[in-house]
Amino acid sequence: MWTASKDRPNATTAGATVLVAAASALAVSALAVSALALSGLALTGTADAAPPATTTTVTAVSAGDVHAGPSDSKPVVSHVVRDNSYKAQCWADGDPVTVQGVTRANWVKLQLDQGGAGYVNTVYLKGDEHGNVPNHC
């Protein structure tokens with residue numbers, strides 16, 4: 001003869017065992033996802049996913065046009081003003097621009113206040129030939 005508490009599990013004990021097992025499986029899954037995130041792996045399974053975009057503050061050394069692309073032939077979408085600072089995303093190679101005997105072919109991609117982005121030649125920015133922006137577009 002079987003007794004509920006000793007020889008065979010009752011429905012309440014079996015249900016609790018299933019719930020504990022499910023909770024343990026969820027905890028293990030959560031730990032695995034956290035470990036992937038901490039290791040830098042994207043959930044797509046690739047290890048070389050691009051890091052989040054960062055910005056660098058740049059300052060204009062003189063007034064200049066901001067173009068739709070890294071070329072004077074692209075439409076003007078905004079302007080930089082001397083001694084004002086702007087958020088820059090990256091620098092790109094483009095058409096050369098000469099101002100007061102200085103020629104540069106690097107352009108910095110700026111975040112525009114009205115949304116979107118525009119490019120200003122680094123001849124209009126303080127700093128090195130990349131406007132002190134470390135990352136290439």
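Computed from a predicted structure; not experimentally measured.
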Q. Is a side-chain donor-acceptor pair under 3.5 Å present for Ser85 with Thr57?
A. no

Q. Backbone N or O of Val97 within a donor-acceptor pair of the Asp72 side chain at under 3.5 Å?
A. no

Q. Hey, is the main chain of Val81 close enough, under 3.5 Å, to the side chain of Tyr86 for a donor-acceptor pair?
A. yes

Q. Between Val61 and Leu125, is a side chain to side chain contact (heavy atoms under 4.5 Å, CB included) present by the stated rule, with each step listed?
A. CA-CA 5 Å; Val61 69; Leu125 301 176; 5.8 Å; no

Q) Would Val76 end up clustered with Leu110 when hydrophobic side chains under 4.5 Å apart are linked, directly or stepwise? A) no

Q. When hydrophobic residues are tied together by side-chain contacts of less than 4.5 Å, even through go-betweens, does Val77 share a cluster with Val120?
A. yes

Q. Do the side chains of Val133 and Val58 get nearer than 4.5 Å, heavy atoms only?
A. yes

Q | Interatomic spacing from CZ in Arg104 to CG in Asp93 - rounded to 0.5 Å | A | 13.5 Å

Q.
I need the Thr56 OG1 to Asn132 CG distance, nearest 0.5 Å.
A. 9.0 Å

For [X] and [Y], which heavy atoms make the closest approach, and how far apart are they?
X      : Y      : result
Asp95  : Ser73  : OD2-OG, 4.4 Å
Ala88  : Val108 : CB-CG1, 3.3 Å
Lys109 : Ala117 : CE-CB, 3.5 Å
Gln111 : Gln89  : CG-NE2, 3.1 Å
His79  : Asp65  : ND1-OD1, 2.8 Å

**Q.** Whether His130 and Trp91 hold their rings parallel, tilted or perpendicular, with breakpoints at 30° and 60°
**A.** parallel

Q: Only pairs at least two apart or in different chains count here, so list each side-chain hydrogen bond (donor to acceptor under 3.5 Å, both in side chains) that has a residue in residues 116-129.
A: Asp83-Lys126

Q: Apply the test side chain to side chain contact (heavy atoms under 4.5 Å, CB included) to residues Thr59 and Asn84: give CA-CA distance (whole Å), side-chain angles for both, the deciding distance (0.1 Å), then the verdict.
A: CA-CA 6 Å; Thr59 303; Asn84 284 8; over 6 Å; no

